Peer 1: 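Dumping the structure here so I can ask a few things about it.
Counting convention: from 1, in listed order, for ligands and their atoms alike. Reckoned from all heavy atoms, side chains included, excluding hydrogens, waters and symmetry mates. In what follows, residues are counted from 1 in the order of the sequence shown. Note that the structure is predicted; figures quoted are calculated from it, not measured.
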Amino acid sequence: MKIDGFRGRLISAGHADYDTARAVWNGAVDRHPRLIARCGGTADVAAAVRFARDRDLEIAVRGGGHNVAGTAVCDDGIVIDLSQMRAVAVDPAGRTARVRGGALWSDVDHETQAHGLATTGGIVSHTGVAGLTLGGGIGFLMRRYGLAVDNLLAAEVVTADGDVVRAAADEHPDLFWALRGGGGNFGVVTSFRFALHPLGPTVLAGPVFWAAEDTVDVLRSYRDFAAAAPDELGTVVRLGTVPPLPVIPENLHGRQAIAVACCYSGAVKDGERAVRALRRFRTPLVDLLGPTPYAAFQSGLDDTVRHGWHYYWKSTNLAGLSDATIDVIAEHAYGARSPRSYTAMFHMGGAVARVPHDATAYAGRDVAHNIVIDGVWLPDEAGEHAATETAWARRFLQALQPHRAPGVYVNFLDSDDAPGRVREAYGERTYRRLAEVKAKYDPDNAFHHNKNIRPD
Ligand SMILES: Cc1cc2nc3c(=O)[nH]c(=O)nc-3n(C[C@H](O)[C@H](O)[C@H](O)COP(=O)(O)OP(=O)(O)OC[C@H]3O[C@@H](n4cnc5c(N)ncnc54)[C@H](O)[C@@H]3O)c2cc1C
């Protein structure tokens, strides 16, 4: 098969690389595209889109390949694969970075930290920039510098017609608005331009662990601590089995525990003050919070969620951390059978909440905490764990129903979440506005292998 004007690699069934090229982060996803078009640049992406549209092929777009629902790969159609387009070019004087559409957050942190700069990215460094950003982009720096989309200055986009356009505040502003939260619905983003901020390279960061038995007390203290935390302090709570990471004392591996991972984006000595109270929540099992290179901290969790393992997620926004909510979390968080399964809870607020709600398509700016319940097992454990971990995640979400706030972070939805949950993620008004932009830029819904917004 040949694509006119395409200079990248074409991979189809029978090719030696076909099975690796169709694999995504979630090893439970097993789809067989007719063709994988591994693009070298924007022109290749445009050629692949035109080729697919002319033949009415199903289209999947791959950035980092990390979406739990496996939307980066489809059956039978074409995968427009940007995984080789990972360049990051930093303008240190202007404090911006141009990031290609297939880059990972490790690429961004590596290049920007060389200049003592950073921007909000995710908490696992092998996650793709594109999918994460297009859904909103939450991470340790968001309370100080906003979401990934709040740092997005411009994007180069290949539209459903195969045209190349620039979206920014002064060019295609409707498209620019929709790209900042509306996911991969509006075109293929071949590059992003982000604002950068001085950071590190050493920051005060790391987790503090407490025994699972202390969960209720720790979460009650955390609720008050988080409510008063400065914007510089980003925290994520992790509940589950202690992973066997070399930085964690071996005697704790395999034990159930609650951890609060912190990253303070200001001076280390100010950070020490900001976390003093947290260190006194009960007696920690271990306190690993200390001065750390930012890029190393950002990759600290990478090995706990490896490529090719099997995953099943459930997620929701929380109405708050009432005592009753905390009781539900403490009761269910340790109910998984697989030691790899865990639950993560993100503390939002700060700069995220100060951006006007209609400025971008990201919804949920007034949510203080969201939770993602992550069932995880090894490929050869599917018989033992696929059913138990799926049931655990569903049961846990069900128990949280009375404690939910409307909405869910769209990037945490799994493949069995009903289409209504995408609507719920945005809320009615934002969804309708997104559907109008969709009707203008992709009226045939060519880009529908995603958290789909149907054209109005
Ligand atoms: C271990 C792990 C940790 C995570 N942590 C965070 C976190 O801290 N913060 C956070 O916000 N999210 C987080 N996420 C969720 C993450 O944002 C989504 O999984 C996201 O989809 C990943 O982007 P990707 O490019 O790797 O995904 P892919 O699977 O490649 O793409 C997902 C979808 O995004 C769209 N897309 C991808 N690339 C492009 C492109 N270049 N142009 C247009 N559309 C595109 C397509 O619709 C595609 O189907 C995490 C996910 C995982 C698995």
Peer 1: Under 3.5 Å, side chain of Asp456 to main-chain N/O of Ala439, donor-acceptor pair present?
Peer 2: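 The answer is no, because no donor-acceptor pair under 3.5 Å joins these two groups.
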Peer 1: Taking 4.0 angstrom as the limit and counting only heavy atoms of Phe412, give me the atoms of ligand 1 inside it, by number and element.
Peer 2: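 Those of ligand 1 that fall under 4.0 Å from Phe412 are 12 (N), 13 (C), 14 (N), 15 (C).
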Peer 1: Closest by any non-hydrogen atom to atom 32 (C) of ligand 1: pick that one out of Ile59, Asn67, Val305.
Peer 2: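 Result: the heavy atom closest to atom 32 (C) of ligand 1 is in Asn67.
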Peer 1: Quick test of your reading of the structure: of Tyr409, Phe140, Trp313, whose heavy atom lies closest to atom 51 (C) of ligand 1?
Peer 2: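 Ranked by closest heavy atom to atom 51 (C) of ligand 1, first place is Trp313.
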Peer 1: Determine the interplanar angle of the His197 and Tyr145 rings, folded into 0 to 90°, and report it as parallel if under 30°, tilted if 30 to 60°, perpendicular if over 60°.
Peer 2: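 It falls in the parallel class, under 30°.
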Peer 1: Are Asn452 and Val422 side-chain neighbours, meaning at least one heavy-atom pair lies under 4.5 Å?
Peer 2: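 Result no, sub-4.5 Å side-chain heavy-atom pair not found.
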Peer 1: Below 30° counts as parallel, above 60° as perpendicular, anything between as tilted: where do the rings of Phe412 and Phe346 land?
Peer 2: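 The arrangement is tilted - the two ring planes meet at 30° to 60°.
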Peer 1: Might you work through the side-chain contact (heavy atoms from CB on, under 4.5 Å) test for Tyr294 and Gln113, ending with a clear yes or no?
Peer 2: CA-CA 8 Å; Tyr294 173 72; Gln113 279 288 277; 3.4 Å; yes
Peer 1: Return yes when Tyr311 approaches ligand 1 closer than 4.0 angstrom through a heavy atom, no otherwise.
Peer 2: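 No; Tyr311 lies far enough from ligand 1 that no heavy-atom distance drops under 4.0 Å.
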Peer 1: Report yes or no: does Gly139 have a heavy atom closer than 4.0 Å to ligand 1?
Peer 2: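 No, that is not the case, since the closest heavy atom of the residue is not under 4.0 Å from the ligand.
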Peer 1: With heavy atoms of Ala72 as the reference, note each atom of ligand 1 found under 4.0 Å away.
Peer 2: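 Here the atoms of ligand 1 in question are 28 (P), 29 (O), 30 (O), 49 (O).
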Peer 1: Kindly indicate whether the side chain of Ile138, heavy atoms from C-beta on, has any atom under 4.5 Å from the side chain of Asn370.
Peer 2: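 A side-chain contact exists here, since the closest heavy-atom pair is under 4.5 Å.
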Peer 1: Would you call the rings of Tyr311 and Trp25 parallel, tilted or perpendicular if under 30° counts as parallel and over 60° as perpendicular?
Peer 2: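 Because their plane-to-plane angle is under 30°, the rings of Tyr311 and Trp25 count as parallel.
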Peer 1: Can a cation-pi geometry be assigned to Arg394 and Phe396, taking NZ or CZ under 6.0 Å from the six-membered ring centre and within 45° of the ring axis?
Peer 2: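 Here Arg394 fails the 6.0 Å and 45° test against Phe396.
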Peer 1: Do Arg433 and Trp177 form a cation-pi contact, if we require the NZ or CZ to be under 6.0 Å from the six-membered ring centre and within 45 degrees of the ring's axis?
Peer 2: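 Cation-pi check for Arg433 and Trp177: passes.
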Peer 1: Between ligand 1 and Val124, is the shortest N or O to N or O distance under 3.5 Å?
Peer 2: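 Looking only at distances, the answer is no, because the N/O contact criterion of under 3.5 Å is not met.
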Peer 1: Which residue owns the protein heavy atom closest to atom 47 (O) of ligand 1, what's the atom, and how far is it?
Peer 2: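 In this structure, atom 47 (O) of ligand 1 has Asn450 CB, 3.4 Å as its nearest protein heavy atom.
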Peer 1: Do ligand 1 and Gly63 have nitrogen or oxygen atoms that lie under 3.5 Å from each other?
Peer 2: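 Such a contact does occur with ligand 1.
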Peer 1: If you have a sec, work out which protein heavy atom is nearest atom 48 (C) of ligand 1 and how many Å separate them, to one decimal?
Peer 2: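 Nearest protein contact, heavy atoms only, for atom 48 (C) of ligand 1 is Val61 O, 3.3 Å.
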Peer 1: Which atoms of ligand 1 have any heavy atom of Leu134 under 4.0 Å away?
Peer 2: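 Ligand 1 atoms under the 4.0 Å threshold to Leu134: 42 (N), 43 (C), 44 (N), 45 (C).
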Peer 1: Check whether NZ of the Lys or CZ of the Arg Arg340 lies under 6.0 Å from the centre of the six-membered ring of Trp309 and within 45 degrees of that ring's axis.
Peer 2: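 Yes, Arg340 sits over the ring of Trp309.
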Peer 1: Name the option, out of Leu132, Val149, Asn411, Thr304, that contains the heavy atom nearest to atom 12 (N) of ligand 1.
Peer 2: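 Shortest heavy-atom distance from atom 12 (N) of ligand 1: Leu132.
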Peer 1: Which is closest to atom 28 (P) of ligand 1 by heavy-atom distance: Gly65, Gly70, Gly131, Gly122?
Peer 2: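 It is Gly65 whose heavy atom sits nearest to atom 28 (P) of ligand 1.
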Peer 1: In Å, rounded to the nearest 0.5 Å, how long is the span from CD1 of Ile258 to CG of Leu219?
Peer 2: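 Between atom CD1 of Ile258 and atom CG of Leu219 there are 4.0 Å.
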Peer 1: Using a distance-only test with no angle check, is there a side-chain donor-acceptor pair under 3.5 angstrom linking Tyr334 and Thr215?
Peer 2: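 Yes, Thr215 and Tyr334 have a side-chain donor paired with an acceptor closer than 3.5 Å.
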Peer 1: Which protein non-hydrogen atom lies closest to atom 24 (P) of ligand 1, naming both residue and atom, and how far is it?
Peer 2: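 Residue, atom and distance for the closest contact: Gly64 N, 3.5 Å.
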Peer 1: Give the residue and atom name of whichever protein heavy atom lies nearest to atom 27 (O) of ligand 1, and the separation in Å to one decimal.
Peer 2: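 The closest heavy atom on the protein side is His66 N, 3.4 Å.
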Peer 1: Mark up the atoms of ligand 1 that fall under 4.0 Å of a heavy atom belonging to Val188, in ascending order.
Peer 2: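 Counting from 1, the qualifying ligand atoms are 42 (N), 43 (C).
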Peer 1: So which heavy atom in the protein is nearest atom 4 (C) of ligand 1, and how far is it from that ligand atom?
Peer 2: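 Its nearest protein heavy-atom neighbour is Thr127 OG1, 4.0 Å.
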Peer 1: Below 30° counts as parallel, above 60° as perpendicular, anything between as tilted: where do the rings of Tyr431 and Tyr426 land?
Peer 2: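 Geometry flag for Tyr426 against Tyr431: tilted rings.
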Peer 1: Any idea which protein heavy atom is nearest atom 35 (C) of ligand 1, and the distance to it?
Peer 2: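 The protein heavy atom lying closest is Gly184 CA, 4.0 Å.
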Peer 1: Under a 4.0 angstrom heavy-atom cut-off, which atoms of ligand 1 come close to Thr71?
Peer 2: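 Within the 4.0 Å cut-off of Thr71, ligand 1 contributes 32 (C), 33 (C), 48 (C), 49 (O).
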Peer 1: Check each atom of ligand 1 against the heavy atoms of Leu82 and keep those under 4.0 Å away; list them by number with element.
Peer 2: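 Near Leu82, the atoms of ligand 1 are 41 (N).
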Peer 1: Among Ile138, Val189, Val24, which one has a heavy atom closest to atom 42 (N) of ligand 1?
Peer 2: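 Shortest heavy-atom distance from atom 42 (N) of ligand 1: Val189.
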Peer 1: Closer than 4.0 Å to some heavy atom of Ile123 - which atoms of ligand 1 meet that?
Peer 2: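 Listed by number with element, the hits are 7 (C), 8 (O).
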Peer 1: Answer with yes or no whether Gly187 contacts ligand 1, where contact means a heavy atom under 4.0 Å from a ligand atom.
Peer 2: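 The answer is yes: ligand 1 sits under 4.0 Å from a heavy atom of Gly187.
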Peer 1: Under a 3.5 Å threshold, yes or no: a donor from one side chain and an acceptor from the other, between Arg100 and Thr42?
Peer 2: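 Indeed, the side chains of Arg100 and Thr42 share at least one donor-acceptor pair under 3.5 Å.
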Peer 1: Please identify which atoms of ligand 1 are closer than 4.0 Å to at least one heavy atom of His449.
Peer 2: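 Counting from 1, the qualifying ligand atoms are 49 (O).
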